[in-house]
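Beneath this line is the structure, given in structure tokens, with notes to follow.
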Protein chains: 2
Amino acid sequence: MEKRQHHFLSENTVEEASRILKAISDPTRMKILYLLFQEECSVGHMVEVLGISQSAISHQLGHLRNLRLVKYRREGNTYYYAYDDEHVVNILNQVIEHIEHQ
Amino acid sequence: MEKRQHHFLSENTVEEASRILKAISDPTRMKILYLLFQEECSVGHMVEVLGISQSAISHQLGHLRNLRLVKYRREGNTYYYAYDDEHVVNILNQVIEHIEHQ
DNA sequence: CCTGTATATGAGCATATGTTCATATACAGA
DNA sequence: TCTGTATATGAACATATGCTCATATACAGG
């Protein structure tokens with residue numbers, strides 16, 4: 001193995017990439033993000049459509065909020081969520097398209 | 001929230017996407033794959049270049065082998081690894097490029 | 001105010017994940 | 001056949017993760 005020059009990743013890059021990839025790799029978060037990619041959506045609607053408990057959805061939304069991947073607006077008691085990081089959603093879609101078209 | 005038609009992900013798609021994304025989200029595996037993207041590489045070289053223990057590298061290579069993301073050839077006592085799933089490597093590169101160019 | 005509805009949050013728990021340490025395996029060379 | 005080198009593997013352990021259950025919060029309507 002001759003000593004070629006490698007391009008090295010900085011620790012920051014690795015950690016940031018890891019953060020993003022872990023965020024979208026969990027099935028529940030993936031389903032939420034894929035739904036939000038299609039439309040803004042209330043928590044109750046996510047529960048109904050995805051068949052996942054309110055608590056589980058809400059915990060994962062908390063996670064996605066911390067990562068700044070989603071945003072929300074409030075109308076009375078209802079919270080409408082939308083995605084807030086276009087690039088992350090694009091990456092997710094690309095992975096999904098790859099899998100579905102093979 | 002009116003009842004629009006959503007595009008739903010099949011469980012298979014979700015699980016496969018999750019598998020791939022989890023595989024590349026771990027920092028050690030990410031570094032290995034990024035190195036292999038640049039050149040075929042022996043285990044010892046990975047240990048040296050990445051500064052990660054032989055055992056940790058080898059365990060993660062086992063994981064990547066199970067997922068069919070890498071292949072290897074043997075020369076005496078030395079195992080040379082290379083990536084074996086172009087698309088997964090492309091996805092990883094895209095994530096990294098996104099992070100580095102922002 | 002009191003009640004109901006929508007959502008968030010905390011505690012506890014079970015499982016998954018990644019590492020280290022110790023050891024096994026397989027081959028090369030003397 | 002003995003020794004050294006390169007890599008793989010198993011056990012044990014610590015930490016992270018995602019869920020459920022129970023409860024808190026905040027607002028709307030009467």
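Values in this document were obtained by computation on a predicted structure and should not be read as measured data. Reminder, nothing fancy here: chain letters follow the sequence lines and each chain counts from 1.
Among the nucleotides D/dT7, C/dT7, D/dG18, the one closest to any side-chain atom of B/Val43 is D/dT7. Closest to the side chain of B/Asn77, from the set D/dA8, D/dT20, D/dA6, is D/dA6. If you check D/dT5, C/dA6, D/dG18 against the side chain of A/Thr78, the one that comes closest is C/dA6.
Across the protein-nucleic acid pair, B/Ile52 atom CD1 and D/dT7 atom C1' stand 16 Å apart, rounded to whole Å. In this structure, CD1 of A/Ile57 is placed 13 Å from C1' of D/dG18, rounded to the nearest angstrom. Atom OH of A/Tyr72 and atom P of C/dT7 are 12 Å apart (whole Å). To the nearest angstrom, C1' of C/dT5 lies 12 Å from OH of A/Tyr79. Rounded to whole Å, atom P of D/dA16 lies 17 Å from atom CG of A/Asp26. Taking atom OH of A/Tyr80 as the reference point, atom P of C/dA8 lies 13 Å away to the nearest angstrom. When rounded to the nearest whole Å, the span between NE2 of B/His63 and C1' of D/dG10 equals 17 Å. Rounding to whole angstrom units, CG of residue B/Leu21 and P of D/dT17 are separated by 15 Å.
Side-chain to base pairing of A/Ser58 with C/dT9: no donor and acceptor N or O lie closer than 3.5 Å to each other. With hydrogens and angles ignored, no donor-acceptor pair closer than 3.5 Å exists between the side chain of B/Gln54 and the base of D/dA6. For D/dC19, the base has no donor-acceptor partner in the side chain of A/Ser53 [N/O atoms by modelled type, under 3.5 angstrom]. No donor-acceptor contact under 3.5 Å links the side chain of A/Thr28 to the base of D/dC19. Not a single donor-acceptor contact under 3.5 angstrom links the side-chain atoms of A/His59 to the base of C/dT7.
Mapped onto DNA chain D by nearest heavy atom, A/Ser25 and A/Glu75 fall at different nucleotides, with A/Ser25 at the one closer to the 5' end.
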> What do the steps show when you test A/Tyr34 against B/His6 for ring pair (Phe, Tyr, Trp, His ring centres under 6.0 Å), and what is the final call?
Replying inline: CA-CA 10 Å; A/Tyr34 192 68; B/His6 302 292; 9.7 Å; no
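For A/Gln60, no side-chain nitrogen or oxygen approaches OP1 or OP2 of D/dT17 to under 4.0 Å. For D/dA8, the OP1/OP2 oxygens have a side-chain nitrogen or oxygen of B/Tyr81 closer than 4.0 Å. Side-chain nitrogen and oxygen atoms of B/Arg73 include none within less than 4.0 Å of the OP1 or OP2 phosphate oxygen of D/dT7. Distances shorter than 4.0 Å separate none of the side-chain N or O atoms of B/Arg74 from OP1 or OP2 on C/dT25. In this structure, B/Arg29 does not reach the C/dT17 phosphate: none of its side-chain N or O atoms is under 4.0 Å from OP1 or OP2.
Checked by atom type, the side-chain pair B/Arg65/B/Tyr81 shows a donor-acceptor distance below 3.5 Å. No side-chain N or O of A/Ser58 forms a donor-acceptor pair with one of A/Ser55 less than 3.5 Å apart.
Although no hydrogens or angles enter the test, the distance criterion places a donor-acceptor pair under 3.5 Å between the side chain of A/Arg74 and the main chain of A/Gly76.
Using cut-offs of 30° and 60° for the angle between ring planes, the A/His87 and B/His98 rings count as parallel.
For B/Tyr80 and B/His45, the ring centers sit 6.0 Å or farther from each other.
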